[in-house]
Structure formats: C-alpha cells, structure tokens
Amino acid sequence: MTSSTTPLVTTTPTHRQHPPSIDRLTFLIDKSKSINHLLQTHALLLRHGLHNHPILNFKLQRSYASLGRLDYTVALFQRTHNPSVFFWTSIIHSHAQCGLHDLALMYYTQMLTNGVEPNCFTFSAVMKTCPLRLGKALHSQTIKLGFDSDLYVRTGLVDVYARAGEVEEARVLFDGMEERDVVCWNVMIDGYAQHGMPNEALLLFRKMLVAKIKPNELTVLSLLSACGQLGALESGRWLHSYIENNGIQVNAHVGTALIDMYSKCGSLEDARLVFDMIDEKDVVAWNSMIVGYAMHGFSRDALRLFHEMRRLSCQPTDITFIGVLSACAYAGLVSEGRAFFSSMKDEYGIEPKIEHYGCMVNLLSRAGQLEEAYEFVKNMKIDPDPVLWGTLLGACRLHGNITLGEEIAEFLLGQNLANSGTFILLSNIYAAAGNWDGVARVRTLMKHSGIQKEPGCSSIEVDNKVHEFLAGDRRSPRSKEIYMMIKEMNQWLTAHGYTPQIDTVLHDLGEREKEQSLEVHSEKLAIAFGLISTQPGTTIKIVKNLRVCSDCHAVTKLISKITGRKIVMRDRNRFHHFANGSCSCGDYW
C-alpha cells in the first residue's frame with residue numbers, strides 16, 4: 001500500500017518497560033472518548049512496538065473514524081501490509097458512515113481487484129452506500145457466495161430495495177427472513193414511511209410488537225413521520241405515550257419529531273407543550289415549531305418565536321427562513337417578507353435556495369402582485385422549478401388573470417418545462433373563465449401526453465383507524481349513513497343562505513349537475529363521516545391531498561358554525577382551523 005502524508009503519532013519503539021496486555025490496550029482504545037486520549041494510546045502502542053498488531057491496528061482505525069478523523073484511519077490503512085478482509089470492511093464501513101459513498105465503493109472495488117473475497121460484514125457495509133443497480137448485483141453475489149440468508153446481509157438488502165423505493169421487493173426479502181432484529185424491523189418500517197406508505201409502516205409496527213421486538217429511538221422516529229403524513233393524531237398520541245412509558249428518551253431528535261408530528265396532525269397545543277419541555281433546544285427544534293406555526297396560519301406566533309430565538313442567540317438556518325417566509329406568505333405580510341428575504345444574505349450570510357424564492361413568489365402571488373411575481377421569477381439567480389411555476393399559475397387562476405396565465409403556460413410548453421401540473425392549472429384557468437374550447441385543447445394535449453389529473457382524496461382518523469374518501473365515494477361500510485348526513489348537511493346549509501359555488505366545477509356541465517358534483521367532494525364526505533362517527537363537540541380533523549376548493553371552504557365554515565364543532569383541515573398548501581363560521585386563514589389561501 002502507498003504511504004500517506006497525514007501526520008500521525010510517531011515515536012521510537014522501546015522495550016525497556018513491560019508492555020501492557022493486548023486486552024488492556026484494546027480496552028484503552030475502545031474507551032477513548034476524545035482524539036487526544038486516542039493519540040496517547042496510539043503513542044503507547046508505538047513505544048512498545050505494537051502498532052502493527054492486527055487487532056490493535058484494526059481497533060485504532062475504527063476509533064479514529066468514529067471520532068471524526070477519517071484521514072488518520074486512511075493513513076493507518078495505507079500503511080497496513082496485506083490488509084485482510086476485516087481491514088477492507090472497516091475502511092468501507094468508515095467511509096459509508098461518513099456519507100462518502102463513492103469512496104466506500106472505490107475501496108470495495110480495490111478489495112476485489114486485490115483478490116480479497118468479501119464476507120457477510122463487507123456486504124452489509126457496502127450495501128449502505130450502493131444504488132439499486134449495484135445493490136441487485138450484490139444481491140446476486142451474496143446468493144453465489146452463500147451469504148444471502150445471513151441476518152446482516154439480508155437486512156442490508158432490505159435497506160437497498162427500500163431506500164430505492166422498491167418496497168414490495170424489500171418486503172418479500174423481509175418476510176422471507178427466519179430471524180429479524182430491531183435494525184431489520186426499523187429498515188422496513190422506515191422504507192414504508194419514506195415512500196408515502198405510512199399506513200403500512202404503522203401496521204408493520206403492530207406486528208413488531210406482537211413479535212416482542214423492543215422498538216428503539218430510530219423506530220419511533222420513522223413512526224412519528226408516518227403519523228404526521230397521515231394526520232393520525234390518535235396514533236401519534238399513543239406513540240408519544242409509548243415513548244414515555246418504555247424508557248425511550250425524549251432527546252432533541254425525538255422531541256423535534258414529536259413537534260413535527262403534532263404540527264402535521266393539527267395539534268399545535270401538543271406541539272408547543274413538547275417544545276417547551278425540551279431543555280436544550282437546538283436550531284432544529286426552533287425551526288420545527290416555527291414551521292408548525294406557519295403552516296397553521298399563525299403567522300404572528302411564528303414571527304414572535306423567530307425573534308425569541310434570535311434573542312437567545314440561536315443562529316437561524318435556511319430552514320428557519322422557509323418557515324418565516326411561509327408565515328409572511330400565509331398572512332399576506334408583503335413588506336415583512338421582503339425584509340426577511342433581504343436579511344438572509346445581508347445579515348445572516350445565507351444564500352437563498354429555490355424554496356425561499358418559492359415562498360417569495362407565493363407571497364407576491366397571493367397578494368395579487370402577479371406581474372411583480374412573474375418578473376421576480378424571470379430575474380432569479382437559479383432556475384425556477386415546476387412547483388414555483390405552479391404557484392404562479394395557481395395565483396393567475398385565483399385572481400382571474402387569464403392573459404398572464406396563458407403567457408406563462410405557453411412559455412413553459414415552448415421551453416419543454418411543462419409537467420402534469422402545468423396542463424391541469426391551465427385547464428383550470430380556462431374552465432374558471434368559461435373557455436371550454438381552451439379546456440378541450442389542453443385536455444387533448446394531456447391525453448396525447450398520457451397525463452391524468454390526480455384525484456382528490458380526504459382522510460379522517462376515528463378510533464385509531466384512518467378512513468379515506470374520494471369524490472363520490474361509496475366504498476365505506478357506512479356509506480348509506482354518510483349520504484344521509486350529506487343530505488342533512490345540505491338542508492342546514494340551505495337554511496343558512498348557502499349558494500353552491502358552481503364556478504369552481506371545472507367541467508362543462510349543467511347547473512344541477514355541477515351542484516351534485518360539489519355535494520360529494522371528498523372533504524365533505526370526510527366531514528359527514530366525522531359527524532356520524534364522533535361525539536358532539538369533538539374536533540374533526542381532516543387531511544386533503546389537494547388544495548381545498550372555495551366551495552368546500554365556505555361549506556366547512558358554515559358547518560363549524562351550525563354544529564358548534566371545530567374542524568381542522570390540512571390541505572396541500574396549509575392548515576385551516578374552522579370555528580364559529582370563520583377560518584384561521586382569513587379566506588386567504
């Protein structure tokens with residue numbers, strides 16, 4: 001191996017003193033909690049000529065890496081004569097742990113080139129770094145060498161497939177394992193949580209408990225994410241109770257995950273309780289609470305918390321400003337938003353990212369300053385993404401600016417930047433203006449491109465079970481009761497002067513057909529199910545995958561007044577808190 005120029009401890013070996021035992025030196029290396037302590041132990045090995053002892057050399061390399069001195073690890077490895085598979089595995093593992101995936105794969109390739117055959121631990125280490133294509137090749141290798149049934153190798157394979165979104169293949173491997181430890185369960189649960197399958201994550205957790213596998217911190221972090229995605233507050237509260245009753249420490253990581261979960265499940269009160277209980281708040285905890293306030297439309301609370309954070313000398317990050325700028329956008333605080341955006345670079349040295357530009361476009365667009373927003377996008381220092389263009393197009397529809405909407409859409413089509421959202425938003429703009437020829441033209445383009453509009457879906461959690469509804473859905477066992485409640489709701493609404501907003505129906509239908517279409521929107525079915533399934537006075541919490549339409553927004557305000565219920569709805573853009581006939585968004589969303 002070639003030598004390294006990295007400075008390491010050097011000294012002349014001496015045998016005047018009786019050397020400590022190998023066990024004693026191994027203990028000293030393992031217990032080194034700082035780089036200085038490890039350097040002293042390294043010097044001791046050199047004094048007694050034991051620096052080339054294979055076990056001690058191996059331990060030193062692992063310890064230097066764990067203390068953040070990967071350069072020392074590499075230097076030791078390069079000075080090792082004919083490193084065994086254990087040394088190769090260690091250097092691969094060390095680079096993988098530091099996120100240096102390309103270098104980890106390079107060492108794996110070098111190991112094979114040097115004729116060293118991998119073992120089960122090598123495969124486990126390299127699988128932490130590899131993309132799916134290489135993972136499949138490694139899968140074949142493990143079968144050939146007879147390692148495919150090893151617990152660590154099989155767990156690594158489950159991780160490879162789950163990480164790449166091939167969760168069905170991951171689950172086949174997982175189910176085929178005779179033995180599973182907590183790491184394997186965590187990998188599969190996290191695979192579901194990270195790829196939009198939170199229900200499956202929670203179901204697998206229940207099986208984990210039945211199998212008497214004790215969850216750890218990583219388990220609950222994945223599950224809290226799953227609860228947040230679903231808006232499953234009852235399940236999240238149960239999980240919080242489980243954490244407290246089973247000795248899982250509510251440290252900064254778990255605390256922040258709890259704040260995020262409660263915020264996404266519509267309970268800012270619980271989120272704030274957790275936030276206040278964290279003794280040593282890092283910037284991630286502050287960010288999570290600020291973003292939580294912002295997404296619920298409590299903009300002043302978000303900005304107040306930002307100023308409190310700065311008073312306590314906690315330095316903001318780019319995530320902090322996403323929360324702050326979102327708060328300004330949701331409340332229409334244009335001048336404050338401009339000031340915060342300018343201060344990012346001028347005062348805090350933070351270069352704006354696409355998310356910050358998106359917040360500014362959202363702020364200007366929602367305030368009706370569409371031309372300025374369009375100029376802002378055209379003069380950006382980085383290329384705008386589809387989400388940002390979608391924000392601008394959506395605002396054109398909201399404010400009825402068909403001319404600008406067409407101009408933007410034609411630009412995107414001409415630059416080959418259009419996606420499904422572009423077509424759908426342009427179709428919506430035409431439909432809102434009654435231009436059905438334009439709608440037909442856009443939908444013909446969508447058909448030729450194979451693009452379909454995403455269906456609206458609303459979910460509600462009752463008795464720890466999440467119920468999902470599509471528009472006009474009749475799959476529920478309680479469908480008959482739901483539609484009876486829909487009929488009763490319509491009677492209440494009519495008595496209170498409600499007029500259906502048929503202009504929100506983006507199809508060329510007759511007036512009565514449009515009214516009937518509005519009556520069975522997914523969020524109204526979810527509200528009806530909540531009314532028949534929960535006790536009077538209970539808050540109804542709904543999650544909608546798309547932006548709530550103006551008619552459903554108006555209906556939900558009235559239902560909250562008529563029933564005396566609080567209704568919390570999370571749509572694609574934000575949270576809406578309905579109470580006594582009004583909404584926290586102030587009809588600004």
Asks: Answer yes or no: is there a side-chain heavy-atom contact under 4.5 Å between Ile319 and Glu355?
Replies: no
Asks: Can you check whether Tyr262 and His240 have ring centres sitting under 6.0 Å from each other?
Replies: yes
Asks: Assert yes or no for the condition that the ring centre distance of Trp185 to Phe174 is strictly below 6.0 Å.
Replies: yes
Asks: Using a 4.5 Å cut-off on heavy atoms from C-beta on, say whether the side chain of Lys31 contacts that of Thr41.
Replies: no
Asks: Does atom CG of Leu145 have more than 12 heavy-atom neighbours, drawn from other residues, nucleotides or ligands, at distances under 6.0 Å?
Replies: yes
Asks: Consider side chain to side chain donor-acceptor pair (under 3.5 Å). Of Arg171, Glu169, Glu168, His139, which one does Tyr161 pass it with?
Replies: His139
Asks: How about Glu280: does its CD atom have over 12 heavy atoms from other parts shown lying under 6.0 Å from it?
Replies: no
Asks: Are a donor atom and an acceptor atom from the side chains of Thr391 and Asn362 found within less than 3.5 Å of each other?
Replies: no
Asks: Parallel, tilted or perpendicular: which describes the rings of Phe376 and Tyr357, with under 30° parallel and over 60° perpendicular?
Replies: tilted
Asks: Pairs in or reaching into residues 316-326: which pass salt bridge (Lys or Arg N to Asp or Glu O under 4.0 Å), with residues at least two apart or in two chains?
Replies: Asp318-Lys353
Asks: Would you say the side-chain atoms of Asp190 and Ser222 include a donor-acceptor pair closer than 3.5 Å?
Replies: yes
Asks: In Å, rounded to the nearest 0.5 Å, how long is the span from CZ of Phe87 to CZ of Phe77?
Replies: 9.0 Å
Asks: Return the set of residues passing side chain to side chain contact (heavy atoms under 4.5 Å, CB included) with Lys264 (not counting sequence neighbours), or none when no residue passes.
Replies: Asp260, Met295, Arg570
Asks: Run the side-chain hydrogen bond (donor to acceptor under 3.5 Å, both in side chains) test against Ser343 and tell me which residues pass, sequence neighbours left out.
Replies: none
Asks: Provide the closest heavy-atom pair for Ala201 versus Leu223 in the form atom of the first, atom of the second, distance.
Replies: O-CD2, 3.8 Å
Asks: Would you say Gln61 and Asn57 are linked by a side-chain donor-acceptor pair, where the criterion is simply a distance under 3.5 Å?
Replies: yes
Asks: Just jot down the side-chain hydrogen bond (donor to acceptor under 3.5 Å, both in side chains) partners of Glu234, sequence neighbours excluded, or say none.
Replies: none
Asks: Mind checking whether Phe205 and Tyr242 have parallel, tilted or perpendicular rings, split at 30° and 60°?
Replies: perpendicular
Asks: Would you say the side-chain atoms of Thr320 pair up with the backbone N or O of Thr317, donor to acceptor, closer than 3.5 Å?
Replies: yes
Asks: Answer whether the closest heavy-atom distance between the side chains of Ile322 and Asn287 falls below 4.5 Å.
Replies: no
Asks: Applying side chain to side chain contact (heavy atoms under 4.5 Å, CB included) to Val160 and Leu138, what does each step give before you reach the verdict?
Replies: CA-CA 10 Å; Val160 167; Leu138 290 174; over 6 Å; no
Asks: Is there a side-chain contact between Met208 and Val182 (heavy atoms, below 4.5 Å)?
Replies: yes
Asks: Looking at residues at least two apart in the chain, or sitting in another chain, which of them share a side chain to side chain contact (heavy atoms under 4.5 Å, CB included) with Lys144?
Replies: none
Asks: Below 4.5 Å, heavy atoms only, C-beta onward: do Arg574 and Asp571 meet side chain to side chain?
Replies: yes
Asks: Do Arg69 and Tyr72 meet the cation-pi criteria used here (NZ or CZ under 6.0 Å from the six-membered ring centre, within 45° of the axis)?
Replies: yes
Asks: Given the rule in the side chain to side chain contact (heavy atoms under 4.5 Å, CB included) test, do Arg154 and Thr142 qualify, once you have shown the distances and angles that lead to the verdict?
Replies: CA-CA 9 Å; Arg154 184 62 73 96; Thr142 63; over 6 Å; no
Asks: Ring centres under 6.0 Å, that's the criterion: do Phe306 and Phe340 meet it?
Replies: yes
Asks: Can you find a pair of side-chain heavy atoms, one from Val167 and one from Met197, that are under 4.5 Å apart?
Replies: yes
Asks: Assess whether atom NZ of Lys381 is packed by more than 12 heavy atoms of other residues, nucleotides or ligands within 6.0 Å.
Replies: no
Asks: Counting only heavy atoms not in Asp175, do more than 12 sit closer than 6.0 Å to its CG atom?
Replies: yes
Asks: Under 3.5 Å, which donor-acceptor pairs do the side chains of residues 98-109 form with other protein atoms, sequence neighbours left out?
Replies:
from	atom 1	to	atom 2	distance (Å)
Tyr108	OH	Gln141	OE1	3.1
Thr109	OG1	Leu105	O	3.0

Asks: Could you give me the CA-CA distance, side-chain angles and deciding distance for Thr26 and Asp23, then say whether side chain to side chain donor-acceptor pair (under 3.5 Å) is met?
Replies: CA-CA 5 Å; Thr26 300; Asp23 287 344; 5.3 Å; no
Asks: For the backbone of Gly456 and the side chain of Asn545, can you confirm whether one donor and one acceptor N or O come within less than 3.5 Å of each other?
Replies: no
Asks: Can you confirm whether His37 is buried at NE2, in the sense that more than 12 heavy atoms of other residues, nucleotides or ligands lie under 6.0 Å from that atom?
Replies: no
Asks: Does Phe58, at its CZ atom, have more than 12 non-hydrogen atoms belonging to other residues, nucleotides or ligands within less than 6.0 Å?
Replies: yes
Asks: Please answer whether the main-chain N or O of Pro83 pairs with a side-chain N or O of Thr80 as donor and acceptor at a distance below 3.5 Å.
Replies: no
Asks: Could you tell me if the side chain of Lys345 sits less than 4.5 Å from the side chain of Glu351, heavy atoms only?
Replies: yes
Asks: Would you check if Leu60 and Ser63 make a side-chain contact, meaning some heavy-atom pair closer than 4.5 Å?
Replies: no
Asks: Should we say atom CZ of Phe86 is surrounded by more than 12 heavy atoms from elsewhere, each under 6.0 Å from it?
Replies: no
Asks: Of the non-hydrogen atoms in Ser288 and Ile259, which two are nearest, and what is the gap between them?
Replies: OG-CG2, 3.4 Å
